[in-house]
> 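There's a structure below that I have some questions on.
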Amino acid sequence: LFIREGNSVVPTAVADQLIGPIRKALGEIERSLFQLSEFTPEVSPLEFRIGMALGLESSTMPTLMTTIRDIAPNVRISAVHHSRATFQDQLTAKTLDAVVDVLLPHTHTINRRFLGPGKMVVVARQGHPAVNGSITIEAYLEQDHIVASSRSIGQAMEDHELSRLGFQRRIKMRCQHHWTACKVISTSDMLLTMPLHNARATNEALGNQLVPFPIDMPAPDVYLYWRASAENDPANRWLREQILASFQSD
């Protein structure tokens with residue numbers, strides 16, 4: 001690994017190739033040892049990475065940061081994209097500390113906790129002629145609708161349920177994010193159907209009204225996932241407690 005060169009010792013090419021991976025491994029060991037010690041949120045500089053879909057990010061992060069900003073001023077939170085197909089690998093590899101998502105299949109290496117029930121609501125602008133605290137299925141079907149989905153094609157889940165009951169609505173617009181859809185809703189007579197948890201946070205600044213979906217159809221429940229090996233890790237346990245508290249305060 002090292003050779004003498006004059007009066008000094010210098011690393012060989014092999015040592016140069018190893019230095020990067022070794023530094024990374026030592027850093028991971030140092031981080032693990034720090035986590036095994038008593039976690040003190042008031043002074044901890046840790047960064048937590050949480051996998052979230054866009055819709056859940058906009059509804060979860062504001063409340064979560066309000067919860068922790070005073071008790072853990074140096075802690076950093078990153079909400080990042082995760083793959084539902086490989087989220088277990090991301091948790092196991094410690095590239096994610098937690099995942100907030102709908103019910104997903106997982107193995108015994110991953111733990112989960114129920115965060116909250118889902119409920120679908122219809123979003124409409126204030127003063128919408130067909131919406132005043134509620135909407136009938138007949139009035140709902142007479143309106144134009146927006147679908148907000150990260151998928152470029154395919155029906156929304158509410159369309160599957162409507163189709164099962166023999167109904168079909170008019171889709172006037174499709175976009176990628178609920179915020180975009182809600183902005184359009186605020187200046188039009190179109191309607192948007194979305195989960196209540198997301199709708200509250202997204203429409204708070206827009207003043208849109210939220211009314212029950214006119215047929216009985218729950219939204220997907222929300223769950224918290226983490227690697228089983230971190231069950232008793234003080235830092236990870238603290239993070240999970242903050243996420244749970246943010247949902248309970250919603």
> Could I get the full list of side-chain contact (heavy atoms from CB on, under 4.5 Å) partners for Glu142, not counting sequence neighbours?
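For Glu142, no residue satisfies side-chain contact (heavy atoms from CB on, under 4.5 Å) once neighbours in sequence are set aside.
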
> For Tyr140, give me all partners under ring-ring contact (aromatic ring centres under 6.0 Å, His included), at least two apart in sequence or on another chain.
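In terms of ring-ring contact (aromatic ring centres under 6.0 Å, His included), with neighbours along the sequence ignored, Tyr140 is linked to His145, Phe213.
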
> Please report the C-alpha distance between Arg170 and Asp144 in whole Å, then the side-chain angles of each, then the deciding distance to 0.1 Å, and finally whether the salt bridge (Lys or Arg N to Asp or Glu O under 4.0 Å) criterion is met.
CA-CA 5 Å; Arg170 295 195 307 271; Asp144 291 328; 2.9 Å; yes

> Could you tell me which non-hydrogen atom of Ala148 sits nearest to which non-hydrogen atom of His178, and how far apart they are?
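Residues Ala148 and His178, closest heavy atoms: CB-CD2, 3.5 Å.
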
> I'd like to check the side-chain contact (heavy atoms from CB on, under 4.5 Å) partners of Asn111; sequence neighbours left out, ordered by chain and number.
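So Asn111 forms a side-chain contact (heavy atoms from CB on, under 4.5 Å) with Trp226, Ala228, Glu231.
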
> Between Leu64 and Phe48, is there a side-chain heavy-atom distance shorter than 4.5 Å?
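Contact flag for Phe48/Leu64 side chains = no.
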
> Holding to salt bridge (Lys or Arg N to Asp or Glu O under 4.0 Å), I want the full list of residues that pass it with Glu161, two or more places apart in sequence or in another chain.
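Residues passing salt bridge (Lys or Arg N to Asp or Glu O under 4.0 Å) with Glu161: Arg164.
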
> Given a cutoff of under 4.5 Å between side-chain heavy atoms of I, L, V, M, F, W and Y, with clusters grown through shared members, what are the other residues clustered with Ile171?
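Once heavy-atom contacts under 4.5 Å are chained together, Ile171 belongs with Val147.
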
> Specify the closest pair of heavy atoms between Val222 and Val100, including all atoms of both residues, with the distance to one decimal.
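Nearest pair, atom of Val222 first, then Val100: CG1-CG1, 3.7 Å.
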
> Would you say the side-chain atoms of Thr107 and Gln88 include a donor-acceptor pair closer than 3.5 Å?
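Per modelled atom types, Thr107 and Gln88 side chains form a pair under 3.5 Å.
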
> Got a sec: does the CD of Gln168 have more than 12 other heavy atoms crowding it under 6.0 Å?
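For Gln168, atom CD is not crowded (no more than 12 foreign heavy atoms under 6.0 Å).
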
> Would you please name every residue forming a side-chain contact (heavy atoms from CB on, under 4.5 Å) with Val14, sequence neighbours left out?
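With neighbours one apart ignored, the set is Leu1, Thr12, Leu18.
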
> Hey, what else clusters with Leu206 if you join Ile, Leu, Val, Met, Phe, Trp, Tyr whenever side-chain heavy atoms sit under 4.5 Å?
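Its cluster mates, by chain and number, are Trp179.
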
> Please find the pair of heavy atoms, one from Pro62 and one from Thr66, that lie closest to each other, and give the distance.
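Scanning both residues, the minimum pair turns out to be O-OG1, 2.9 Å.
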
> Who pairs with Arg84 by salt bridge (Lys or Arg N to Asp or Glu O under 4.0 Å), at least two apart in sequence or on another chain?
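For Arg84, the residues satisfying salt bridge (Lys or Arg N to Asp or Glu O under 4.0 Å) (neighbours in sequence not counted) are Asp101.
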
> Kindly give the heavy-atom pair with the smallest separation between Asn232 and Arg237, and that separation in Å.
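Scanning both residues, the minimum pair turns out to be O-NH1, 3.2 Å.
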
> Nearest heavy-atom pair of His82 and Ala53: which atoms, and what distance?
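The pair with the smallest heavy-atom distance is CE1-N, 3.9 Å.
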
> Could you tell me which residues satisfy side-chain hydrogen bond (donor to acceptor under 3.5 Å, both in side chains) with Thr86, sequence neighbours excluded, listed by chain and number?
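Ser83.
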
> Taking all non-hydrogen atoms of both residues, which atom of Thr193 and which atom of Glu158 are closest, and how far apart?
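Heavy-atom minimum between the residues: O-OE2, 3.5 Å.
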
> CZ/Phe39 to OG/Ser44 distance, rounded to the nearest 0.5 angstrom?
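Atom-to-atom, Phe39:CZ and Ser44:OG are 4.0 Å apart.
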
> Can you sort out the partners of Gln17 under side-chain contact (heavy atoms from CB on, under 4.5 Å), two or more places apart, ordered by chain and number?
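By the side-chain contact (heavy atoms from CB on, under 4.5 Å) rule, Gln17 matches no residue at all.
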
> Donor-acceptor pairs are to be reported for all side-chain atoms of residues 119-131 against protein atoms at under 3.5 Å, with residues two or more places apart or in another chain.
from, atom 1, to, atom 2, distance (Å)
Arg125, NE, Ser188, O, 3.3
Arg125, NE, Asp189, OD1, 2.7
Arg125, NH1, Gly127, O, 3.3
Arg125, NH2, Asp189, OD1, 2.8
Gln126, NE2, Gly207, O, 3.1
His128, ND1, Ala130, N, 3.0
His128, NE2, Asp189, O, 2.6

> Report the hydrophobic cluster partners of Leu104, with the cluster defined as I, L, V, M, F, W, Y residues connected by side-chain heavy atoms closer than 4.5 angstrom, directly or transitively.
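Leu104 clusters with Val80, Phe87, Leu91, Leu96, Val99, Val102, Leu103, Ile110, Phe114, Tyr223, Tyr225.
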
